[in-house]
**Q** 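So that we are looking at the same thing, I have put the structure below in structure tokens.
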Amino acid sequence: MKKRFFGTLGEISALTLGGAGIGQDWGPTTRDEAVATVREAVDSGISFLDVAPGYGDGEAELVVGEAFGGRLPEGVRVSTKCHLGNPAPEDVLPSFERSITDSLERLRLPRVDLFFLHNMVVPNDQIERYDGTPRGLFVDAVVPAFERLIASGRIEAWGISGLGVPSAVIETFSDDRPPAA
């Protein structure tokens, strides 16, 4: 399996196993089939598993938790996500904390390697046009919340899913504290 350097996470496999399929978002499968898929992917050299609470209403995270019983094989990295939208600033950290607590419980892990904001980042003046997180809220509340989760040891790094109004995404990657992914 070819490897690629992935920022602060170091080297990971060039191929990633996405969680939508093992979460049954693309059609029914059994838990046993999904667990076998995850194990086979890792045995074949895939070292990055990308899941989210929205993939099968937590099923993808449950599958990874069952596949490895809370003990990921050496070098395997996991990401998960949180859809935030446009809450009040004081609700951002509690929302992230609830999401990561639930995800870690399903994954049976003490932390994840990468925690993504799983919705659009949009310019403040376009929030009525797009469903997403305004840049101002992102800078003032989202980034500090991510940093608190890093300091607590529950996540190693954070990212954005890359969706959004291009100017807001470019501005986000140009910040003093840019996302790791």
Side-chain angles (χ1 to χ4, degrees), residues 5-10 12 16-20 23 25 48-65 70 72 76-181:
F5 187 74
F6 192 50
T8 61
L9 299 182
I12 63 168
T16 297
L17 178 65
D25 281 1
F48 195 85
L49 309 174
D50 178 53
V51 296
Y55 298 161
D57 194 26
E59 181 65 17
E61 293 173 331
L62 288 167
V63 165
V64 171
L72 293 175
V76 172
R77 304 292 199 139
V78 174
S79 67
T80 194
K81 304 170 184 77
C82 179
H83 181 79
L84 186 64
N86 187 16
E90 64 272 12
D91 294 335
V92 171
L93 180 60
S95 180
F96 276 180
E97 287 175 329
R98 277 190 305 277
S99 181
I100 197 67
T101 295
D102 292 347
S103 290
L104 292 173
E105 184 176 300
R106 287 186 290 269
L107 289 162
R108 302 184 198 173
L109 297 173
R111 70 163 183 79
V112 294
D113 299 288
L114 190 55
F115 189 48
F116 283 100
L117 175 66
H118 201 210
N119 59 251
M120 294 180 26
V121 178
V122 301
N124 293 334
D125 63 354
Q126 295 184 32
I127 193 61
E128 298 300 322
R129 183 173 175 194
Y130 299 102
D131 178 30
T133 301
R135 267 282 300 158
L137 179 66
F138 183 84
V139 171
D140 295 340
V142 172
V143 172
F146 278 137
E147 290 175 343
R148 292 270 306 268
L149 292 175
I150 290 171
S152 75
R154 299 174 85 193
I155 68 173
E156 183 176 325
W158 62 270
I160 61 172
S161 56
L163 299 173
V165 176
S167 62
V169 172
I170 291 167
E171 195 174 356
T172 298
F173 276 103
S174 300
D175 280 344
D176 291 339
R177 301 175 299 183

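Index from 1, following the sequence. Being a predicted model, the structure only gives us computed values, none of them experimental. The figures here come from the full heavy-atom set of this structure, side chains too, leaving out hydrogens, waters and symmetry mates.
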**Q** Please give me the minimum heavy-atom distance between Pro87 and Leu137, naming the atom from each residue.
**A**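 Minimum heavy-atom contact is O-CD2, 3.6 Å.
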**Q** According to salt bridge (Lys or Arg N to Asp or Glu O under 4.0 Å), does anything in residues 143-154 pair up with another residue at least two apart or in another chain? List the pairs.
**A**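 Qualifying pairs, neighbours excluded: Glu147-Arg177.
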**Q** Of the non-hydrogen atoms in Pro134 and Ile127, which two are nearest, and what is the gap between them?
**A**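 The pair with the smallest heavy-atom distance is CD-CD1, 3.8 Å.
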**Q** Which atoms form the tightest heavy-atom contact between Asn119 and Leu84, and what is the distance?
**A**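 The answer is OD1-N, 2.7 Å.
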**Q** With a 4.5 Å cut-off on side-chain heavy atoms, are Ile12 and Phe5 touching?
**A**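 When only atoms from C-beta onward are counted, Ile12 and Phe5 do not touch, as no gap falls below 4.5 Å.
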**Q** Do you know the tightest heavy-atom contact between Leu9 and Asp113?
**A**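 Looks like CD2-O, 3.6 Å.
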**Q** Closest approach of Val92 and Ala145, non-hydrogen atoms and distance?
**A**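 Of all heavy-atom pairs spanning Val92 and Ala145, the closest is CG1-CB, 3.9 Å.
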**Q** When Ile160 is tested against each of Phe146, Phe173, Phe116 for side-chain contact (heavy atoms from CB on, under 4.5 Å), which residue passes?
**A**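 Checked Phe146, Phe173, Phe116 against Ile160; only one passes side-chain contact (heavy atoms from CB on, under 4.5 Å): Phe173.
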**Q** Please lay out, stage by stage, how Leu149 and Glu97 fare under the test side-chain contact (heavy atoms from CB on, under 4.5 Å).
**A** CA-CA 8 Å; Leu149 292 175; Glu97 287 175 329; 4.1 Å; yes
**Q** Looking at every heavy atom in both Asn124 and Gly136, which two are closest together, and how far apart are they?
**A**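 Looking at all heavy atoms of both residues, the closest pair is OD1-N, 2.7 Å.
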**Q** I would like to know whether Val112 and Leu104 meet side-chain contact (heavy atoms from CB on, under 4.5 Å); could you show each step before the answer?
**A** CA-CA 7 Å; Val112 294; Leu104 292 173; 3.7 Å; yes
**Q** Name each donor-acceptor pair under 3.5 Å that joins a side chain in residues 49-63 to protein atoms two or more places apart or in another chain, with its distance.
**A**
from: Asp50; atom 1: OD1; to: Ser79; atom 2: OG; distance (Å): 2.5
from: Asp50; atom 1: OD1; to: Lys81; atom 2: NZ; distance (Å): 2.7
from: Asp50; atom 1: OD2; to: Lys81; atom 2: NZ; distance (Å): 2.9
from: Tyr55; atom 1: OH; to: Lys81; atom 2: NZ; distance (Å): 3.4
from: Glu59; atom 1: OE1; to: Arg31; atom 2: NH2; distance (Å): 3.0
from: Glu59; atom 1: OE2; to: Arg31; atom 2: NE; distance (Å): 2.5
from: Glu59; atom 1: OE2; to: Arg31; atom 2: NH2; distance (Å): 3.3
from: Glu61; atom 1: OE1; to: Ser103; atom 2: OG; distance (Å): 3.4
from: Glu61; atom 1: OE1; to: Arg106; atom 2: NE; distance (Å): 2.6
from: Glu61; atom 1: OE1; to: Arg106; atom 2: NH2; distance (Å): 2.8
from: Glu61; atom 1: OE2; to: Thr80; atom 2: OG1; distance (Å): 2.5
from: Glu61; atom 1: OE2; to: Ser103; atom 2: OG; distance (Å): 2.7

**Q** Determine whether Glu156 and Ile150 make a side-chain contact, defined as any pair of heavy atoms from C-beta on separated by less than 4.5 Å.
**A**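 Glu156 vs Ile150: side chains apart.
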**Q** According to the ring-ring contact (aromatic ring centres under 6.0 Å, His included) rule, which pairs have a member within residues 119-143, sequence neighbours left out?
**A**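 Matches after skipping sequence neighbours: Phe138-Trp158.
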**Q** Might you work through the side-chain contact (heavy atoms from CB on, under 4.5 Å) test for Val121 and Val165, ending with a clear yes or no?
**A** CA-CA 7 Å; Val121 178; Val165 176; over 6 Å; no
**Q** Is there side-chain contact between Val78 and Leu107, with at least one heavy-atom pair below 4.5 Å?
**A**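 Heavy-atom side-chain distance check passes, below 4.5 Å.
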**Q** Tell me whether the count of non-hydrogen atoms from other residues, nucleotides or ligands lying under 6.0 Å of CD in Glu90 goes above 12.
**A**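 Enclosed: over 12 neighbouring heavy atoms sit under 6.0 Å from CD of Glu90.
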**Q** Distance from Ile100 atom CD1 to Ser95 atom OG, nearest 0.5 Å?
**A**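 Going from CD1 on Ile100 over to OG on Ser95, the span is 11.5 Å.
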**Q** Pair Leu17, Phe48 - check side-chain contact (heavy atoms from CB on, under 4.5 Å), show working.
**A** CA-CA 6 Å; Leu17 178 65; Phe48 195 85; over 6 Å; no
**Q** I need the Glu171 CD to Asp175 CG distance, nearest 0.5 Å.
**A**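 Glu171 atom CD to Asp175 atom CG measures 6.5 Å (nearest 0.5 Å).
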**Q** State whether Arg135 and Asp140 are salt-bridged, where the test is any N-O pair (Lys NZ or Arg NE/NH1/NH2 against Asp/Glu carboxylate O) under 4.0 Å.
**A**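 Here Arg135 does not pair with Asp140 in a salt bridge, since their nearest N and O are not under 4.0 Å apart.
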**Q** Less than 4.5 Å apart, side chain to side chain, heavy atoms only: is that true for Leu72 and Leu109?
**A**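 Yes, at least one pair of side-chain atoms sits under 4.5 Å.
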**Q** Would you say the side-chain atoms of Ser174 pair up with the backbone N or O of Ile170, donor to acceptor, closer than 3.5 Å?
**A**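 Judged by distance alone, yes, a pair lies under 3.5 Å.
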